[in-house]
Amino acid sequence: MVLFSKEGLRSRIDLLDVTSMRIGDNDVNSHRRRYGMSKKVIIEPSGGVEGVEGALSTPPLHLPGLLTFEAAARHLNFARAAAEIGVTPTAVSRTIKNVEAQLNVRLFNRTTRSVSLTEAGASLNAALAPALALIRNALSQALLATDQPTGMLRVSSSYVAYHILIEPHIGSFLEQFPLINVEISLDNQLSDIVGAGFDIGIRMGRKLQNDMISVQLGAVQKRIVVAAPDYFRERSEPTTIVELLKHNCIRQRYSVGGRLYDWKFEERGQKVHIDVQGRFMFDDMRSVMEAAIQGQGIAFILENFAKQELAGGLLRQILKQHWALDDAFHLYYPHREHMPGKLRAFVDFMRTANQTTPS
């Protein structure tokens with residue numbers, strides 16, 4: 001069976017204005033609306049294979065369908081392909097069925113437990129994958145050549161990182177790059193940014209997935225002990241870290257079900273761990289600080305996060321001679337041969353705005 005022929009196919013791409021094209025849109029019209037394409041992108045036959053009598057004509061195929069097929073063939077899992085593309089597994093399955101119907105050939109063997117390529121599917125993928133890689137590379141090069149970075153930048157960040165490092169500068173960033181739109185998702189979990197469709201993430205530390213690039217954003221963070229003035233109306237203020245054991249301390253978990261953050265201090269060149277106790281426990285530093293402001297106990301939080309509350313008198317630092325150095329926040333994003341202009345603009349701008357030293 002002849003599926004494609006070098007002479008028998010011509011690519012007709014009427015307009016390829018795809019500033020942030022994501023693969024796998026199962027509906028070409030929604031694809032066109034999402035990415036501003038004024039016309040469909042299709043691959044169609046030119047009327048047979050020249051010089052081959054009775055050669056089969058190839059039906060028109062939309063590029064998004066081929067991109068969806070390539071993702072499914074690479075993962076051999078419709079759910080993972082859907083997560084990469086940003087659609088539902090049902091949409092991927094429907095798109096694959098449409099492509100198979102147009103070609104009149106089965107491309108995948110499907111069971112309830114596994115997905116595998118048929119011989120025809122393997123042959124198509126072997127020829128298609130390099131061609132799509134060339135298309136993506138050409139688009140990346142074209143975007144890098146533009147004077148102004150453009151497109152939607154999707155950012156995953158913890159609230160604390162956003163409040164300290166991004167929020168003070170995001171207005172200036174949008175003003176400097178008027179063609180970039182920014183979507184920010186605030187989540188304390190270490191997100192799979194590729195699977196969730198994000199361009200970049202911001203978290204504390206360097207514990208990242210494989211194939212991720214990490215760059216430091218801002219300085220190493222300092223933790224201090226704080227409380228509301230009202231908390232000490234009927235209590236004596238601790239003068240040593242050991243006296244924290246007599247107080248209601250607001251504790252924090254790293255994540256839902258994760259371990260508790262240790263209250264560790266430097267004292268006379270040694271690290272001292274205080275196993276504090278308290279009636280309140282959160283997995284978010286914002287909630288820890290709010291509880292402290294309400295006089296519910298003593299908190300151990302990032303100094304930069306509580307700057308406004310300290311300056312306004314809502315909180316005050318206690319045990320000033322005792323503090324701890326935490327890690328720095330880091331930007332992380334997938335390794336790519338050609339970094340999108342919108343991502344490069346964001347990384348460079350935020351590192352400069354936060355006076356980041358090389359990590």
Review point. Are Trp323 and Val225 close enough that some pair of their side-chain heavy atoms sits under 4.5 Å apart?
Key: no
Point to revise | Side-chain H-bond candidate by donor/acceptor type, Asp326 with Tyr261, under 3.5 Å | key: yes
Point to revise | No-hydrogen, no-angle side-chain donor-acceptor test under 3.5 Å, Thr111 and Ser114 | key: yes
**Study point:** Which residues share a salt bridge (charged side-chain N to carboxylate O under 4.0 Å, His left out) with Glu243, sequence neighbours left out
**Key:** none
Practice item. If a pair satisfies salt bridge (charged side-chain N to carboxylate O under 4.0 Å, His left out) and one of its residues is in residues 105-130, list it, with sequence neighbours excluded. Key: Glu100-Arg110
Revision key, fill the gap. Of all heavy-atom pairs linking Gly65 and Thr95, the shortest is CA-CG2, 3.7 Å
Check your understanding: Any side-chain heavy atom of Asp199 within less than 4.5 Å of one from Val155?
Key -> no
Point to revise | Nearest heavy-atom neighbours spanning Ala306 and Leu315 | key: CB-CD1, 4.5 Å
Point to revise | From Ile301 atom CD1 to Leu310 atom CG, the distance as rounded to the nearest 0.5 Å | key: 7.0 Å
Review point. Any side-chain heavy atom of Ser93 sitting closer than 4.5 Å to one from Thr88?
Key: no
Practice item. Scan side-chain atoms only and decide if Gln221 and Asp327 contain a donor-acceptor pair under the 3.5 Å cut-off. Key: no
Check your understanding: What pairs meet the salt bridge (charged side-chain N to carboxylate O under 4.0 Å, His left out) rule with one or both residues in residues 170-183, with sequence neighbours excluded?
Key -> Arg154-Glu183
Exercise for review: Hey, can you tell me if Phe265 and Phe300 have their rings parallel, tilted or perpendicular (30° and 60° cut-offs)?
Suggested key: tilted
Exercise for review: Compute the centroid of each ring, for Phe198 and then for Tyr332, and state whether the two points are separated by less than 6.0 Å.
Suggested key: no
Check your understanding: Under a 4.5 Å side-chain heavy-atom rule over Ile, Leu, Val, Met, Phe, Trp and Tyr, are Met289 and Met281 clustered together?
Key -> no
Check your understanding: Any salt bridge between Arg251 and Asp262, counting N to O under 4.0 Å?
Key -> no
**Study point:** Check: Tyr231 ring centroid to His247 ring centroid under 6.0 Å
**Key:** yes
Exercise for review: Decide yes or no on side-chain contact (heavy atoms from CB on, under 4.5 Å) for Tyr333 and Val215, but give the supporting numbers first.
Suggested key: CA-CA 9 Å; Tyr333 49 89; Val215 294; 4.3 Å; yes
Review point. So, Arg286 and Glu290, do they make that salt bridge, N to O below 4.0 Å?
Key: no
Check your understanding: Side chain of His75, backbone of Ala73: donor and acceptor closer than 3.5 Å?
Key -> no
Exercise for review: Starting from the C-alpha separation in whole Å, work towards a yes-or-no answer on side-chain contact (heavy atoms from CB on, under 4.5 Å) for Tyr162 and Ile184.
Suggested key: CA-CA 9 Å; Tyr162 171 75; Ile184 298 177; 3.6 Å; yes
Point to revise | Minimum-distance pair of heavy atoms, taken over all atoms of Ile298 and Ala227 | key: CG1-CB, 4.1 Å
Check your understanding: Can Glu309 and Arg316 be said to form a salt bridge (Lys or Arg N to Asp or Glu O under 4.0 Å), step by step?
Key -> CA-CA 8 Å; Glu309 290 71 19; Arg316 80 165 185 255; over 6 Å; no
Study note, to complete from the structure: The side-chain hydrogen bond (donor to acceptor under 3.5 Å, both in side chains) partner of Arg203 among Ser214, Ser157, Ser158, Ser156 is Ser156
Review point. Linking I/L/V/M/F/W/Y whenever any side-chain heavy atoms sit under 4.5 Å apart, do Leu179 and Ile200 land together?
Key: no
Check your understanding: Trp263 and Val272: side-chain contact (heavy atoms from CB on, under 4.5 Å), yes or no, with the steps?
Key -> CA-CA 8 Å; Trp263 289 45; Val272 179; over 6 Å; no
**Study point:** Phe349 ring center within less than 6.0 Å of His169 ring center
**Key:** no
Review point. Out of curiosity, does Leu260 fall in the hydrophobic cluster containing Ile241 (side-chain heavy atoms, cut-off under 4.5 Å, transitive links)?
Key: no
Practice item. Take Ser116 and Phe108 through the test side-chain contact (heavy atoms from CB on, under 4.5 Å) and record every step on the way to the result. Key: CA-CA 6 Å; Ser116 62; Phe108 290 93; over 6 Å; no
Review point. Heavy atoms, side chains only, cut-off 4.5 Å: are Lys264 and Arg223 in contact?
Key: no
**Study point:** Test: Arg80 cationic atom under 6.0 Å from Phe78 six-membered ring centre, within 45° of axis
**Key:** no
Exercise for review: Spell out, yes or no, whether Leu325 and Leu302 are grouped together once hydrophobic residues are joined by side-chain heavy atoms under 4.5 Å, including indirect joins.
Suggested key: yes
Review point. With a 4.5 Å heavy-atom cut-off, do Ile180 and Phe346 have their side chains touching?
Key: no
Study note, to complete from the structure: Ile213 and Pro334 have their tightest heavy-atom pair at CD1-O, 4.5 Å
Review point. Is any side-chain heavy atom of Gln252 closer than 4.5 Å to a side-chain heavy atom of Met285?
Key: yes
Point to revise | Value rounded to 0.5 Å, distance of CG in Leu132 from CG in Leu63 | key: 6.5 Å
